[in-house]
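Chain A is the first sequence line, chain B the second, and so forth, proteins listed ahead of strands; every chain is numbered from 1.
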There are 2 protein chains.
Amino acid sequence: MPAPRKSTRSAAARDASASPAAPRAIAEQLERHGVRPSAQRVAIASYVLGTEDHPSADQVWARVKERFPMVSRATVYNTLRHFTEKGLLRELVLAEGRQVFDPVIEPHHHFVDDETGAIRDIPWSALKVAKIDELEGLDVREYMVVVRGVSRGARKG
Amino acid sequence: MPAPRKSTRSAAARDASASPAAPRAIAEQLERHGVRPSAQRVAIASYVLGTEDHPSADQVWARVKERFPMVSRATVYNTLRHFTEKGLLRELVLAEGRQVFDPVIEPHHHFVDDETGAIRDIPWSALKVAKIDELEGLDVREYMVVVRGVSRGARKG
DNA sequence: GCCGAAAGTTGGACTTAGTCTAAAAACGTC
DNA sequence: GACGTTTTTAGACTAAGTCCAACTTTCGGC
């Protein structure tokens, strides 16, 4: 068995990302997560499980409609909720006025660009949060650092 | 001059909180921040600058209407934006589907309760984030830790 | 292959949060 | 009191998210 990969995306996201044009692989991933792989869901998964853009539901809809014009808005919303429930996606509150979706399931931090609104992942190990266990009276399910500012140099929009 | 207080709320929030029924003190605080202290604004400030509830705009409106039935929704939205622009409030993205407002201007972290949705402050010193300066390519304007889970014991809703 | 049940999709209505506008009211200066 | 500026108001509008009824697709039993 190969060594663990550096990528922290879910198995589904990794496969989707590695083979974005492989609907069969995506369908199999959906099935492994207990999601029936209809054509619409495979199309939605092809995009959302392989993107680093942290899109909103309507952004996913706009994107999937390019190649699947008949897909309905309700289907996209239903499917994103279903993927979230099945552990394929995380739903985050990071942007004003909308929820965003993140295929990287494992813990990580986020950076939100003040100028562009773009959201990007910060690896878990890039930051250390000390004393989280000393928060009294709180059962911590998860935590992350949200960093806001401006990107410079690499990765211009 | 007395020793610095433990409270980290803005001067306005401290004064409002210490004397929630002192419209004159609130009016003076608004004036110090370049905000004309109309009756509506004082009413809104009396609540929002003294609460730890992190309310949304519509929650502020509902609350202020109790004592100021004629205040309009547009006025509340306009006033909250004005307070934010003048440094009296911070607008946060922590809750699904709405912005919330926080009178504590100084840096701090947040806890979001999975069960109730309640948001509460975590003092800045309660957590340490290491290596924030090592984030390459990012001009950091602010950062905070967002902790999610369940409160237990103290401060039940 | 048929049939019924379950699951999924669709079009669009509905709700809520946030913004915008024109008119009216309030305020400050002269 | 007049006038210009600011604030407030009522409500229209937009966008995100949810819900519903009808239709379509899929699946399992026979």
Colleague: Does the pair A:R120/A:D113 count as a salt bridge with the N-to-O cut at 4.0 Å?
Modeller: no

Colleague: Between A:I119 and A:L94, what is the shortest heavy-atom contact and its length?
Modeller: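 Heavy atoms of A:I119 and A:L94 come nearest at CG2-CD1, 3.8 Å.
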
Colleague: Where each residue is assigned the nucleotide of DNA chain C containing its nearest heavy atom, which of A:A74 and B:S56 is assigned the position nearer the 5′ end?
Modeller: A:A74

Colleague: Take the protein atom CD of A:E85 and the nucleotide atom P of C:dA7, then report the distance between them rounded to whole Å.
Modeller: 13 Å

Colleague: Separation of B:N78 atom CG from C:dT19 atom P, in whole Å?
Modeller: 9 Å

Colleague: Rounded to the Å, how far apart are B:L94 CG and C:dA17 C1'?
Modeller: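 Answer to the nearest Å: 17 Å.
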
Colleague: Hey, could you give me the OG1/CD1 distance between B:T79 and B:I44, rounded to the nearest 0.5 Å?
Modeller: 4.0 Å

Colleague: Counting just side-chain N and O atoms, does B:S72 come under 4.0 Å of either OP1 or OP2 of D:dA10?
Modeller: no

Colleague: Pick the nucleotide of DNA chain D nearest each of B:F68 and B:G97; which residue has the one closer to the 5' end?
Modeller: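 Looking at DNA chain D, the more 5' nearest nucleotide goes with B:F68.
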
Colleague: Under 4.0 angstrom, heavy atoms only, what part of the nucleic acid is A:R73 near: base, sugar-phosphate, or nothing?
Modeller: base

Colleague: I'd like to know if the side chain of A:D121 pairs up with that of A:H109 as donor and acceptor (distance under 3.5 Å, no hydrogens or angles considered).
Modeller: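 Not at all, the side chains of A:D121 and A:H109 share no donor-acceptor pair under 3.5 Å.
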
Colleague: Any side-chain N or O of A:S38 under 4.0 Å from OP1/OP2 of D:dT25?
Modeller: no

Colleague: Tell me the interatomic distance from B:R98, atom CZ, to C:dA17, atom C1', rounded to whole angstroms.
Modeller: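 Taking atom C1' of C:dA17 as the reference, CZ of B:R98 is at 10 Å.
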
Colleague: Side-chain N or O of A:Q59 less than 4.0 angstrom from OP1 or OP2 on D:dA16?
Modeller: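 No, outside the criterion.
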
Colleague: Starting from P on D:dT6, measure out to CD on B:Q40 and report it in whole angstrom.
Modeller: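 Atom-to-atom, B:Q40 to D:dT6, this comes out as 17 Å.
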
Colleague: Given atom CZ of A:R36 and atom P of D:dT24, what is their separation to the nearest angstrom?
Modeller: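 The distance from CZ of A:R36 to P of D:dT24 comes to 18 Å, rounded to the nearest Å.
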
Colleague: Quick check for you: among C:dT10, C:dA17, D:dC27, whose closest atom lies nearest to any side-chain atom of A:M70?
Modeller: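 Nearest to the side-chain atoms of A:M70, counting from C-beta on, is C:dT10.
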
Colleague: Salt bridge or not between A:E28 and A:R24? Use side-chain N to carboxylate O under 4.0 Å.
Modeller: yes

Colleague: Atom NZ of A:K65 to atom P of C:dT9: distance rounded to whole Å?
Modeller: 16 Å

Colleague: Whether B:Y77 contacts C:dT19 is assessed here as follows: a side-chain N or O lying under 4.0 Å from the phosphate OP1 or OP2. Is that the case?
Modeller: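 No, outside the criterion.
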
Colleague: Within the 4.0 Å heavy-atom criterion, would you say A:E96 contacts the bases, only the backbone, or no part of the nucleic acid?
Modeller: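 If one applies the 4.0 Å heavy-atom cut-off, A:E96 turns out to touch nothing in the nucleic acid.
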
Colleague: Does a nitrogen or oxygen in the side chain of B:R81 sit under 4.0 Å from OP1 or OP2 of C:dG18?
Modeller: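 Indeed not, no polar side-chain atom of B:R81 lies that close.
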
Colleague: Return no unless some side-chain N or O of B:R41 is found under 4.0 Å from OP1 or OP2 of D:dT7.
Modeller: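 The answer is yes; a side-chain N or O of B:R41 sits under 4.0 Å from OP1 or OP2.
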
Colleague: Would you mind reading off the distance between A:L80 atom CG and D:dG17 atom C1', rounded to a whole angstrom?
Modeller: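 After rounding, the gap between these two atoms is 12 Å.
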
